[in-house]
Colleague: 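Okay, handing you the structure first.
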Amino acid sequence: MELSVKKEPDKGLPDLQGASGGVVMRFAPNPNGPPTLGSARGIIVNSEYVKKYGGKFIIRFDDTDPVKKRPMPEAYGWYLEDCAWLDAKPDLVITASERIDLYYPIVEELISRGGAYVCGCPQSVFKEHKDRGVPCEHRDQTAEKNLELWGQMLDGTLAEGQAVLRIKTDMGHKDPAIRDWPAFRIVSTPHPLVGSKFRVWPLLDFESAVEDHLLGTTHILRGKDLADSGSRQKYLYDYLGWKYPQVIHWGRIRIHQFGSFSTSKLRKAIEAGEYTGWDDPRVPTVRAMRCRGIQPEALRKFMIDLGVGETDIAISMDSIYAENRKLIDPKANRYFFVWNPVELQIEGDVPSIAKAPLHPAIDRGYREIPAKNKVFICHSDLEGLKIGERIRLKDLCNVEILSLEPARARFEGRDVGKRMKIIHWAPASGVAVKVLKPDGIDEGVGEAGIAKELNQVVQFERYGFVRINRLGEPIIANFAHR
RNA sequence: GCUCCGGUAGUGUAGUCCGGCCAAUCAUUUCGGCCUUUCGAGCCGAAGACUCGGGUUCAAAUCCCGGCCGGAGCACCA
């Protein structure tokens with residue numbers, strides 16, 4: 001008898017076709033800034049597939065535009081740093097700008113096989129040809145002529161803007177995006193990494209296609225904005241007799257809390273001083289997340305759960321925060337931080353030391369906070385109090401409110417009462433703390449023990465999780481989430 | 001204008017290829033209760049979705065056609 005089998009919900013990433021023998025996958029950023037959350041998705045999902053099937057994970061810097069998307073020399077290292085932090089160390093790192101002379105022999109081969117030609121049409125003229133679907137005069141040049149012109153591109157006889165190398169596809173192709181696409185152009189601006197070593201630079205479609213072949217890439221994950229690239233590149237693969245990798249496209253990712261962002265826009269805003277830097281808590285970079293105490297595992301889990309759908313998605317940081325909270329809640333020590341502090345005078349026999357657990361559920365010992373007849377409480381807490389009300393100062397004592405302005409209270413015993421309103425406080429001798437949040441800055445005073453938590457994630461009770469980033473006066477913490 | 005790709009709860013996501021086990025998964029979110037010397041933590045419970053219209057079929061989230069909505073490409077950008 002056959003048992004009916006309940007369909008199991010798929011966990012993790014969908015299977016890749018033809019991946020059983022291992023995969024070679026790459027993430028190919030242009031290093032014109034540090035990785036953003038969008039890059040993190042590419043880094044994480046590619047590396048996760050390599051972990052799943054075995055093989056090689058490659059970081060390839062597609063830095064072939066010295067002008068419009070000019071690379072930042074520092075950014076190459078930033079990518080590697082963030083990859084390591086994301087537990088996605090590449091097996092191989094290559095940089096396209098250092099490999100341009102690998103591409104030139106391929107061009108000659110292509111020209112000889114009639115797959116490419118040097119086109120001298122001004123951009124606007126060629127666009128007309130493309131729109132009408134008719135070849136331009138250069139398309140039928142002989143291979144010899146093309147080789148000669150290619151040589152002139154390389155040796156400087158032809159100036160920037162005078163010629164491009166095109167891949168021959170089909171000028172009558174029903175999709176205008178596919179018609180004879182440009183593969184190389186002349187750029188006289190020096191490249192930030194290799195200077196003026198090359199003057200003829202490949203465009204993305206060519207560089208990426210050739211590198212994917214050279215590196216033995218088996219599977220490509222790319223944004224669906226590049227969906228037409230495959231159709232273009234297949235012509236090149238056919239001329240050369242290469243086998244095209246499997247391709248998966250995914251949609252654009254937007255984040256509610258950050259709106260739409262691009263590396264170049266961020267760069268401008270930072271240069272203009274709108275943000276303090278690439279790790280400003282208001283910015284959606286991987287390093288900003290790190291400084292806020294977001295754990296790499298949280299990012300990994302989140303990105304893997306997103307999967308590889310082609311739909312454009314608008315996600316909320318809430319899900320990342322929820323993942324992160326599960327990870328850091330058991331790890332983070334608790335401290336008191338009072339924002340918008342106001343003084344509370346307390347009459348009577350207030351204990352001179354409060355003994356409070358570093359964690360409510362896990363035994364990690366205690367912190368000792370000096371108290372006295374004066375403490376700080378939050379202005380917002382004071383506003384909610386009434387004269388005569390009895391409340392508890394957490395881990396210290398109970399008090400009865402005598403007056404609100406100025407704030408005064410009377411010691412009313414140390415035993416924890418049932419159903420009593422509990423607020424937190426900070427010692428009069430506390431340290432200044434400044435919390436940088438995505439939506440503003442909170443300043444206040446915290447207990448001195450915070451200074452022992454440099455580079456750690458802690459929870460400020462009744463406030464949220466923060467990462468302590470700099471000691472000093474004040475101590476600087478970046479806000480993670482509630 | 002030409003071309004391509006999508007559309008499952010507020011947000012994501014599984015299921016769609018190979019129709020029935022889907023009165024649709026999981027997470028997040030929101031709300032309620034319990035617990036708690038912080039909390040948006042924990043425990044328990046609830047809310048909430050197949051873009052629309054036709055067709056095929058005993059049976060459609062799943063296949064076909066059309067509409068609507070959304071995204072992308074048509075750069076000497078990546």
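Reminder, nothing fancy here: chain letters follow the sequence lines and each chain counts from 1. Because the structure is a prediction, the values reported are computed rather than measured.
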Colleague: Using atom C1' in both nucleotides, what's the gap between B/rU16 and B/rG7 to the nearest angstrom?
Modeller: 13 Å
Colleague: Between B/rC35 atom C1' and A/I422 atom CD1, what is the distance in whole Å?
Modeller: 13 Å
Colleague: Taking the inter-plane angle between the rings of A/W201 and A/F198 on a 0 to 90° scale, is it parallel (under 30°), tilted (30 to 60°) or perpendicular (over 60°)?
Modeller: perpendicular
Colleague: Grab the CD1-C1' distance between A/I313 and B/rU28 for me, whole Å please.
Modeller: 13 Å
Colleague: Just the dot-bracket of RNA chain B, please: which string comes out with Watson-Crick or G-U pairs under 3.5 Å, [ ] for crossing, | for another strand?
Modeller: (((((((..(((.......[.....)))((((((.......))))))...(((((..]....))))))))))))....
Colleague: What distance, rounded to whole Å, do you find between the two P atoms, one in B/rG48 and one in B/rC2?
Modeller: 44 Å
Colleague: Whole angstrom is fine here: how far is it from CG in A/L37 over to C1' in B/rU11?
Modeller: 16 Å
Colleague: Would you measure the distance from the C1' atom in B/rC68 across to the matching atom in B/rU25 and give it in whole Å?
Modeller: 28 Å
Colleague: Using the C1' atom on both, measure B/rG71 against B/rG53 and round to a whole Å.
Modeller: 23 Å
Colleague: Distance check, P atoms only: B/rC5 and B/rA49, in whole angstrom units.
Modeller: 31 Å
Colleague: Tell me if the centroids of the rings in A/F376 and A/W425 come within less than 6.0 Å of each other.
Modeller: no
Colleague: Can you measure from CZ (A/R232) to OG1 (A/T169) and round to the nearest 0.5 angstrom?
Modeller: 9.5 Å
Colleague: In terms of the angle between their ring planes, are A/W339 and A/Y463 parallel, tilted or perpendicular, with boundaries placed at 30° and 60°?
Modeller: tilted
Colleague: Please give the distance between the P atoms of B/rA61 and B/rG55 as a whole number of Å.
Modeller: 15 Å
Colleague: Each nucleotide in nucleotides 69-78 of chain B should get exactly one letter: B, S or -. Can you fill that in based on protein heavy atoms under 4.0 Å?
Modeller: --SSBBSBBB
Colleague: Answer whether the closest heavy-atom distance between the side chains of A/W278 and A/T263 falls below 4.5 Å.
Modeller: yes
Colleague: Is it true that A/F460 and A/F336 have ring centroids separated by less than 6.0 Å?
Modeller: no
Colleague: Select from A/T311 and A/E323 the residue whose nearest nucleotide in RNA chain B is closer to the 5' end of that strand.
Modeller: A/T311
Colleague: Say whether A/Y76 and A/D63, considering side chains only, have a donor N or O and an acceptor N or O under 3.5 Å apart.
Modeller: yes
Colleague: Can you tell me, in whole Å, how much space there is between the C1' of B/rA9 and that of B/rC31?
Modeller: 15 Å
Colleague: Roughly how many Å is it from CZ in A/F465 to P in B/rC39, rounded to a whole number?
Modeller: 13 Å
Colleague: Cut-off 3.5 Å, side chains only: do A/Y244 and A/Q233 have a donor facing an acceptor?
Modeller: yes
Colleague: How far does the C1' atom of B/rA14 sit from the matching atom of B/rA59, given to the nearest Å?
Modeller: 22 Å
Colleague: How is A/D305 classified with respect to the nucleic acid when contacts are heavy atoms under 4.0 Å: base, sugar-phosphate, or nothing?
Modeller: sugar-phosphate
Colleague: Please report the distance, rounded to the nearest Å, between CG in A/D381 and P in B/rU37.
Modeller: 18 Å
Colleague: Among B/rA27, B/rU29, B/rU37, which is the nearest nucleotide to the side chain of A/V416?
Modeller: B/rU37
Colleague: Do A/F465 and A/R292 have side chains that get closer than 4.5 Å, going by heavy atoms?
Modeller: no
Colleague: Please give, in whole Å, the distance from B/rG6 C1' to A/I248 CD1?
Modeller: 16 Å
Colleague: Looking at A/W250, does the NZ or CZ of A/R41 lie under 6.0 angstrom from its six-membered ring centre and within 45 degrees of the ring axis?
Modeller: yes
Colleague: Does B/rU28 have OP1 or OP2 under 4.0 Å away from a side-chain N or O of A/K326?
Modeller: yes
Colleague: Round to the nearest Å and state the distance from A/I315 atom CD1 to B/rU28 atom C1'.
Modeller: 12 Å
Colleague: In whole angstrom, what separates A/I377's CD1 from B/rU37's C1'?
Modeller: 17 Å
